[in-house]
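Report on one structure; see the data block that follows.
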Number of protein chains: 2
Amino acid sequence: MRYHRGDVIDRALAVLDEYGLESLTMRRLAAELGVQPSALYHHVPNKQTLLAAVADEIVRRGRRPHRARRWDARVVEICTELRDAMLAYRDGAEVVATAHTFGLGEDEPAGRLRAALADGALPAELVDVATRTFLHLVFGHTNEEQTALQAASAGAIDREPGGHADFEQSLDLVLDGLRARTG
Amino acid sequence: MRYHRGDVIDRALAVLDEYGLESLTMRRLAAELGVQPSALYHHVPNKQTLLAAVADEIVRRGRRPHRARRWDARVVEICTELRDAMLAYRDGAEVVATAHTFGLGEDEPAGRLRAALADGALPAELVDVATRTFLHLVFGHTNEEQTALQAASAGAIDREPGGHADFEQSLDLVLDGLRARTG
DNA sequence: ACCTGAACACCGTTCAAGT
DNA sequence: ACCTGAACACCGTTCAAGT
């Protein structure tokens, strides 16, 4: 039974979504593929790289057509798409945020954010700051929301999630700050 | 040789700062204290709780007198204090941010942020959103900065850290958004 | 080229037994 | 009350050997 790198990533996604990040071990993944743990290292150099590939796949699967024209609407669109992509998989926010922190993976949303902000007639210096600001907001908010959701579904009723409304309000705060600096 | 919970936390801080989070294991910590791993469980229920206590201690040690009067200056002061506290220990941002995500520890900075924002004559509904927004910014930015710093000192020259200027610009963006909503 | 089998050097946590 | 010793059920990764 031959299998390839893509099969490994796909299975990893499935294990992640069904059992969570703490259960996504190399040994567990190997067992799921009916293979010895050592066999995985022919398709992936190590676990860190595997997780970065999983993060990229989560983001990729969440892609949808973008139709906003105004730069600020595009920012909201990109951030919301990224949030929804991460929420679609168990522990998705943690996996994607961690990969981003270590500079692994494609980081394609950052590029799209940067482009949208550059269209906003912003001082070039501000584009980088704003890009990072939005990414931190998306990762932080989504991570917290997903953790709360999973804690709630596990019985522990913590704080209310906040949810989509809070998320957009948070984005809007930063957008207001940017609009004030725009012609 | 008797020792107490406080000694365990202190030692954990020392191991964290010298060898990093990945080396802060229960077994390593026990060895450092000259004791069997199982002995730690008389002072701390599990590793997660230990790490939350370490996070609290990092924040506590970073406390300094606050003198700002205006609500927006107080927000900057609180955020900067938290950032500096986390930067003072290796992997401090990751430890503190993780504890916060899981709702563990004291979360005293959140309370102080909330108080400062409430003084800002903000619509009550916005206070919570803004509090979370600032915390996400502080954790995200500091985590990224610290990771970059440690990667740089380990030889890998990645992206420039951004540093304090970027951090304050990011806060200012949100503050502008809030000031626009204030009387 | 791809995989197995076995090993290395670890983990967090529990628990009977000692003092 | 506090600690030891030993065990349980795991980890990620490497590497000689097989096909």
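Here is how names work: the chains are called A, B, and so on, in the same order as the sequence lines, proteins then strands, and each is numbered from 1.
- Using a 4.0 Å cut-off between a side-chain N of Lys or Arg and a carboxylate O of Asp or Glu, Asp84(A) and Arg64(A) qualify as a salt bridge.
- For residues 19-26 of chain A, proximity to DNA chain D is found at Thr25(A), Met26(A), defined as any non-hydrogen atom under 4.0 angstrom from a strand atom.
- Taking the P atom of each, dA9(C) and dA9(D) are spaced 24 Å apart, rounded to whole Å.
- A salt bridge is absent between Glu106(B) and Arg60(B); no separation between the charged side-chain nitrogens and carboxylate oxygens falls under 4.0 Å.
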Show me the protein contacts with nucleotides 17-19 of chain D, counting only N or O atoms at under 3.5 Å.
none

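- Of the charged side-chain nitrogens involved, at least one lies within less than 4.0 Å of a carboxylate oxygen, so that Arg114(A) and Asp128(A) count as a salt-bridged pair.
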Secondary structure of DNA chain C per the Watson-Crick/G-U criterion (both distances under 3.5 Å; [ ] crossing, | other strand, . unpaired) is ||.|||||...|||||.||
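- Separating the NE2 atom of His4(B) from the P atom of dC2(D) is a distance of 7 Å, rounded to the nearest angstrom.
- Results of the side chain to side chain contact (heavy atoms under 4.5 Å, CB included) test with Arg11(B) over Leu16(B), Leu33(B), Leu24(B) single out Leu33(B) as the only residue that passes.
- Asp56(A) is linked by a side-chain hydrogen bond (donor to acceptor under 3.5 Å, both in side chains) to nothing, counting only residues two or more places apart in sequence or in another chain.
- For the segment residues 34-48 of chain A, residues with any heavy atom less than 4.0 angstrom from an atom of DNA chain C are, sorted by number, Val35(A), Gln36(A), Ser38(A), Ala39(A), His42(A), His43(A).
- When side chains are defined from C-beta on, Glu144(A) counts as touching His100(B), because their heavy atoms get closer than 4.5 Å.
- Ring centroid separation for the pair His136(B) and Phe139(A) does not come in under the 6.0 Å cut-off.
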Tabulate atom names and distances for all N/O pairs under 3.5 angstrom spanning the protein and nucleotides 7-9 of chain D.
none

